[in-house]
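Structure first, commentary second.
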There are 2 protein chains.
Amino acid sequence: MTDLLARRDTWSTANCSIAAALDVVGNRTTLLLLREASLGTRRFDDFAHRAGVSEPVAATRLKQLVADGLLERRPYRQPGQRTRDEYLLTPKGRDLLPVLAALRQWGDTYAVDEPSIRVAHRDCGAPVQVRLRCDAGHDVPADEVAVLPGPGLLPTTPPATPDLPAQPCHTHPCHTRSET
Amino acid sequence: MTDLLARRDTWSTANCSIAAALDVVGNRTTLLLLREASLGTRRFDDFAHRAGVSEPVAATRLKQLVADGLLERRPYRQPGQRTRDEYLLTPKGRDLLPVLAALRQWGDTYAVDEPSIRVAHRDCGAPVQVRLRCDAGHDVPADEVAVLPGPGLLPTTPPATPDLPAQPCHTHPCHTRSET
DNA sequence: GAGCTGACTTAGGAAAACCAAAGCCAGCTA
DNA sequence: TAGCTGGCTTTGGTTTTCCTAAGTCAGCTC
């Protein structure tokens, strides 16, 4: 019952939460705007310029982010200026920070020469990393992750092509072979 | 020197590692294919059908993933069949699993009614979560993250519009207001 | 009360991404 | 050696995403 991966064709990813998350944040611009929000950007023009997108795109995406509940638009006022609106991360939006952190961590390792910013623990100064951890408190490396059925699991209607002898990712040759 | 966010306009995100990562995995299809790879999918047709994309798209993206070094294409042979190619995660591709895990965690919380699969620690059975942790071993909540300059930080050429009194994300009103 | 500025919107168009349907090819099986 | 199957590629068309350039509008400042 627990060997889901061995019967990969008996269940579908129709209601996959990764796909559902990607429906909200599945494009580059949206994630760049969220990056800016997490770095303290609040004004429309700053969002557009710092994320490197045009104003029409910024307007469209910010509107969508507010509609999706990731940002909140609220009026603010600077002395001697008129009332304006600013965009602030909601708790729902803030909960996407691990996604940004994971992307940054991977990008630091594989996609840039040198990181432009570092992320540290404010209280102790030590670098912050994204980790997988189980509720029992263990660090969980990628090869110790097990996939189990959840309450929303949907069976597939058509029994698809007979599968390869399925293996979870961690038993693949890719995890034991010598690195290139 | 450490209050980067207060001088957000003095540095640019031109070489941002998040943007660089998004250049590689910044579209929905790519991440869905990586999801499938992490769930043990190895054959072309299975990638296309399970990720829900057409064959031409699957072919293009898989080719790109191999070119980017996230997947490795290698011949395999089942008894009584001819030699075929399969796609396996490389270590570089496997290091993106925290991104998928973070997306799944967010999606489970906000984007689906009930998760279709659960992820557990193989050794102890406890649910696995994505966490931010510092090298000193502390759990780091979002409001204790500090942003520091890295070696690749680029200054901006044009001093942009005078900024709002900048605040790191964790001091925003969004973190202290009552939730809706 | 004219001008400026921040915050957008509108218009028009280019590029990227995606799809369905059909075709191609290698190499087993019969 | 004819047919089947997995693994693609080609064709043609639609949708999405993004751009530049220009216009709008509210409400301070002068």
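Keep in mind that this is a model prediction, so the values were computed, not measured. Only heavy atoms go into these numbers, but all of them, side chains included; no hydrogens, no water, no symmetry mates. Every chain is numbered from 1, with letters handed out A, B, ... down the list of sequences.
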Under the ring-ring contact (aromatic ring centres under 6.0 Å, His included) test, which residues partner Phe44(B), sequence neighbours left out?
none

Results of ring-ring contact (aromatic ring centres under 6.0 Å, His included) for His49(B) - residues two or more places apart only
none

Can you check the [X] [atom1] to [N] [atom2] distance for me, whole Å?
X        : N       : atom1 : atom2 : answer
Tyr87(B) : dG6(D)  : OH    : P     : 15 Å
Asp85(B) : dC25(C) : CG    : P     : 18 Å
Phe44(A) : dT5(C)  : CZ    : P     : 17 Å
Asp23(A) : dC18(C) : CG    : C1'   : 15 Å
Leu22(A) : dT16(D) : CG    : P     : 17 Å
Gln64(A) : dC18(D) : CD    : P     : 12 Å
Arg28(B) : dT15(D) : CZ    : C1'   : 15 Å
Asp45(A) : dC4(C)  : CG    : C1'   : 14 Å

Partners of Asp23(A) by side-chain contact (heavy atoms from CB on, under 4.5 Å), sequence neighbours excluded?
Arg28(B)

Not counting sequence neighbours, which residues clear side-chain contact (heavy atoms from CB on, under 4.5 Å) with Ala111(B)? List them please.
Ala20(A), Trp106(B)

Select base, sugar-phosphate, or nothing to describe what Gly52(B) touches, counting heavy atoms under 4.0 Å on all strands.
sugar-phosphate

Exactly one of Leu32(A), Asn27(A), Leu33(A) clears side chain to side chain contact (heavy atoms under 4.5 Å, CB included) with Thr30(A), and that residue is Asn27(A)

Of the options dC18(C), dA7(C), dG7(D), whose atoms approach the side-chain atoms of Thr29(B) most closely?
dC18(C)

Would you tell me if any nitrogen or oxygen in the side chain of Lys63(B) comes within less than 4.0 Å of OP1 or OP2 on dT9(D)?
yes

Closer than 4.0 Å, any side-chain N/O of Arg73(B) to the OP1 or OP2 of dC8(D)?
yes

At what distance, to the nearest 0.5 angstrom, does CG of Leu70(A) lie from NZ of Lys92(A)?
6.0 Å

Return the set of residues passing salt bridge (Lys or Arg N to Asp or Glu O under 4.0 Å) with Arg133(A) (not counting sequence neighbours), or none when no residue passes.
Asp139(B)

Counting only non-hydrogen atoms, which of residues 54-62 of chain B are less than 4.0 Å from DNA chain D?
Glu55(B), Pro56(B), Ala59(B)

